Amino acid sequence: MPSFQSLPGFREFYPDALARRNHLFRVWRQTARAFGFQEYDAPVLEPLDLYRAKSGDEIEGQLFSFTDKGGREVALRPEMTPTVCRLVGEKAATLKRPIKWFSIAEFYRYERMQKGRGRCFHQFNADIFGEPGPEAETELIALLVQCLSTFGLTAQDFYVRLSDRNLWFHYLEALGLDGPRVRAVLGAVDKFEKLGDDAFKAYAEQFGPLEPVVKDKVLAFLQVKSLAAIEETLAPHGSAALAARLADWRRLLGGLAAMGLAEFVQVDLGVVRGLAYYTGFVFEAFDRKGELRAIAGGGRYDDLVGKLGGPDLPAVGFAIGDMTFALLLEARGLTPALVQAADVYCVIGGEAERSAAFGDIHALRAAGFAVEYPFKELGFGKQFKAAAESGARLALIYGGDELAKGVVKIRDLSTRTEREVPADAVVAAVRDSLGGA
RNA sequence: GCGGUCAUAGCUCAGUUGGUUAGAGCACUAGAUUGUGAAUCUAGGGGUCGCGGGUUCGAGUCCCGUUGGCCGCCCCA
């Protein structure tokens, strides 16, 4: 038996829902442009290997992947990062630095649905390539904060937790751990908030129990919530590299503070992000009440462009997902009431008046006004009701009396006042009333 | 991949221990209404009761399966 339901986890956008989505995208786009980011786009379908190369074979279970008619293994994109790395990598030599790009796109992941998570969703992605210093992080975190606060969200609603995998590498190596052990400890740190002490089980299975002295230091470090505490903890392990890293921290936090964003940013070494490819600062935006999953996340991935076949190119980026963000706006009562309103509604007396009205209707539309009119003959009462419901600010009245006098009546639907204008001056009169279009 | 829970009109829901042709509100359409606004009144369209099977004289109702939604676990780029 055929079924014509949409596929599980996929969303359909009826006009009201699409209006809200478009509003999100419009604001994000304007904000990114204000920060000097350029928009790009790329294919929805990509070679499966692009994601294997970045994330390993196990990623395949989470992908919408299949073999196309040419025998190619392909996947619907689950994220933008590998794609944008390829785009930038291919033209890196010719692109003006710094490379500041953004996109708003749809992604697909073959997963079970949950609150704030579906099989298709949109993300705003912003990335900066070619800038190794913390100025890139400053710019991106500022953009992230602005993308959320433009909707009316404040520092009481959300915050950005800022951490640094680089610092963790320094510290764990100073504690005597080798590369594999460092990665395993970071895995435990990533899960500690959720699992507590069980987070270290995986480490223990692989390498035996973590030395109590080391573990205590790790547990203390992941609770660090200020730069001062970082400096204090690391003071005994001083090195040139560490000093440089702490200078990066001061530049980043100083820059954000100078932008007036300090209240949005919380140093929090408990965030390391699970992904191994992050190489430096990492950050995630959460609602303050802790009711929702992460709203946005990002970090530095200096090795990824090279790993995907491009030149060595430092990079930082973040993404905001639309689903959790929409839930947050809804919870804070900030979902705007969007009306898709016409500018002008034409009230037409009868068939004779209709052809007179059509000339003006087309001219007004060509001038950029949104114009509605009834397809069929309707009583005036119905038409005025329809005019009010259309949200139009003006009604143009093409009645027999008016046309006989060579005029069209313009009714302002909010003030309920009317005036007559010569029939050949309608477009100018509408422009005058509505302030151009 | 696992678990919980739910499924009746576009939406929110009612539907008696299993019993006639499955209902209401909202929304939509039309009329009352041939020159002026969200009201009112009247009428109408819209349902294979998610789907399939079983029990029964009889299933929206009970049983099994399945699909889908929601919530959580795993995972979360």
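Just so it is clear, the values below take in all heavy atoms, side chains as well, and ignore hydrogens, waters and symmetry mates. Quantities reported herein were computed from a predicted structural model and do not represent experimental measurements. Residue numbers start from 1 in every chain, and the chains themselves are labelled A, B, ... in the order their sequence lines are given, proteins ahead of strands.
Residue pairs meeting the ring-ring contact (aromatic ring centres under 6.0 Å, His included) criterion with at least one member in residues 377-399 of chain A, sequence neighbours excluded, do not occur. Sorted by first then second residue, the side-chain hydrogen bond (donor to acceptor under 3.5 Å, both in side chains) pairs that include residues 295-309 of chain A, not counting sequence neighbours, are D127(A)-Y301(A), E137(A)-R300(A), R300(A)-D302(A). Residue pairs satisfying the side-chain hydrogen bond (donor to acceptor under 3.5 Å, both in side chains) criterion with at least one member in residues 311-329 of chain A, sequence neighbours excluded, are listed as follows: R11(A)-D322(A).
Counting heavy atoms from C-beta on, the side chains of S433(A) and D412(A) never come closer than 4.5 Å.
Each of M113(A) and S414(A) has a nearest nucleotide on RNA chain B; the 5'-most of these lies closest to S414(A). Where P8(A) and R117(A) meet RNA chain B, the nucleotide closest to each residue was compared, and P8(A) sits on the side nearer the 5' end.
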ask   = Yes or no on ring pair (Phe, Tyr, Trp, His ring centres under 6.0 Å) for F151(A) and F158(A), after CA distance, side-chain angles and deciding distance?
value = CA-CA 12 Å; F151(A) 290 91; F158(A) 78 94; over 10 Å; no

request  = Go along nucleotides 3-12 of chain B 5' to 3' and tag each nucleotide: B for a protein heavy atom under 4.0 Å from its base, S when only backbone or sugar atoms are that close, - otherwise.
outcome  = ----------

query = What string of B, S and - do you get for nucleotides 29-36 of chain B, 5' to 3', when a contact is any protein heavy atom under 4.0 Å?
reply = --S---BB

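Remark: P of C73(B) and CD of E111(A) are 13 Å apart, rounded to the nearest angstrom. The OH-C1' distance, from Y110(A) to C74(B), rounds to 16 Å in whole Å. Taking atom CD on Q62(A) and atom P on C73(B), their separation rounds to 15 Å, with Å as the unit.
Taken from CZ in R29(A) to CD in E39(A), the straight-line distance is 4.0 Å, to the nearest 0.5 Å.
Note on Q114(A): a side-chain N or O is less than 4.0 Å away from OP1 or OP2 of C73(B).
Between the side chains of E106(A) and Y108(A), at least one donor-acceptor pair of N or O atoms lies under 3.5 Å.
With respect to the salt-bridge test (charged N to carboxylate O, under 4.0 angstrom), the residues E418(A) and K409(A) qualify. Salt bridge R52(A)/E73(A): present, at least one basic N to carboxylate O contact under 4.0 Å. R251(A) and E135(A) are joined by a salt bridge, as a carboxylate oxygen and a charged side-chain nitrogen come within less than 4.0 angstrom of each other.
With both ends at atom P, the span from U48(B) to G52(B) equals 11 Å, rounded to whole Å. Here, G47(B) and G60(B) have their C1' atoms 11 Å apart, quoted to the whole Å.
Residue contacts for G299(A): at a heavy-atom cut-off of 4.0 Å it reaches no nucleic acid atom on any strand shown.
Classification of the F124(A)-F318(A) ring pair by plane angle, with boundaries at 30° and 60°, yields tilted.
Checking C76(B), G37(B), C70(B) against the side-chain heavy atoms of L413(A) singles out G37(B) as nearest.
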request  = Dot-bracket for RNA chain B, please, read 5' to 3', with Watson-Crick or G-U wobble pairs under 3.5 Å on both distances, ( ) within the strand, [ ] crossing, | other strand, . unpaired.
outcome  = (((((((..((((.....[...)))).(((((.......))))).....(((((..]....))))))))))))....

